[in-house]
Amino acid sequence: MTNSPYFTLAPQGGNDAAAIENLLDLAFGTDRFEKSSYLLRQGAEPVRALSLVLRRGAVLCGTIRFWPVIVGERARALLLGPLGVHPDYQGHGGGQILMQAGLSKAHGLGHELVFLVGDMAYYNRAGFARVPAGQVTMAGKFEPERLLYTELAEGALEGVNGMMKKVHAKGQKE
Ligand SMILES: CC(C)(COP(=O)(O)OP(=O)(O)OC[C@H]1O[C@@H](n2cnc3c(N)ncnc32)[C@H](O)[C@@H]1OP(=O)(O)O)[C@@H](O)C(=O)NCCC(=O)NCCS
């Protein structure tokens, strides 16, 4: 899936969950669960086909996932995150590999609009821009200037307004 000489890109496997949580604790800290983007993931399921990992040999050193969300009444979109690379393996292009592969697969599956909460200085490399102030909001601890988007179909953000809400996994309640 990638021609990086350093990493192997692969779909997330059934036994990867513990290594991913460990990696995210190291990369983001254990207080990450308070963030607005985490609230949108509780009780939801990531899009399985877009859950990717990076390995170097047998070591899991990167992870990306995408979550289905609805903005306003009915605009469907994806929320990217968390994107994380193990501190020992950062700076080798892994973050960009995961993002480009994820976005390209999402486009292939017909998704048109992707949001994330993160540092503009990093994500603008992959084509993300700030959501215009007030256009889209999130519940919880929310820093509007960190809400970014990219369009996989031209004009996909046009007319998308309101609160971002999660799409519950089947059988889950609010
Ligand atoms: C952000 C992250 C995914 C990048 O992974 P990575 O594999 O190291 O990234 P890449 O190798 O693709 O890119 C590295 C480049 O991004 C830059 N970069 C990394 N984090 C950055 C940030 N928060 N803001 C701006 N630039 C950043 C590095 O300085 C480096 O720059 P260079 O290419 O000019 O040397 C990884 O550092 C990580 O998991 N960090 C912990 C979480 C975090 O801090 N996220 C911040 C964004 S929300």
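Counting convention: from 1, in listed order, for ligands and their atoms alike. These numbers come from a predicted model, not from an experiment. Just so it is clear, the values below take in all heavy atoms, side chains as well, and ignore hydrogens, waters and symmetry mates.
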Checklist entry - Can you list, by chain and residue number, every protein residue with a non-hydrogen atom closer than 4.0 Å to ligand 1? => result Ala27, Phe28, Leu83, Gly84, Val85, Gln90, Gly91, His92, Gly93, Gly94, Gly95, Gln96, Gly118, Asp119, Ala121, Tyr122, Tyr123, Arg125
Just how far is it from atom [atom1] of [X] to atom [atom2] of [Y], taken to the nearest 0.5 Å?
X      : Y      : atom1 : atom2 : answer
Leu54  : Leu98  : CG    : CG    : 3.5 Å
Gln135 : Tyr149 : CD    : OH    : 8.0 Å
Lys166 : Leu79  : NZ    : CG    : 11.5 Å

Item to check | Side-chain donor or acceptor of Gln100 paired with backbone N/O of Ala126 under 3.5 Å | outcome: no
Item to check | Candidate list Val71, Leu80, Leu40, test side-chain contact (heavy atoms from CB on, under 4.5 Å), partner Phe115, passing option | outcome: Val71
Checklist entry - For Arg32, what residues pass the salt bridge (Lys or Arg N to Asp or Glu O under 4.0 Å) criterion, not counting sequence neighbours? => result Glu21, Asp25
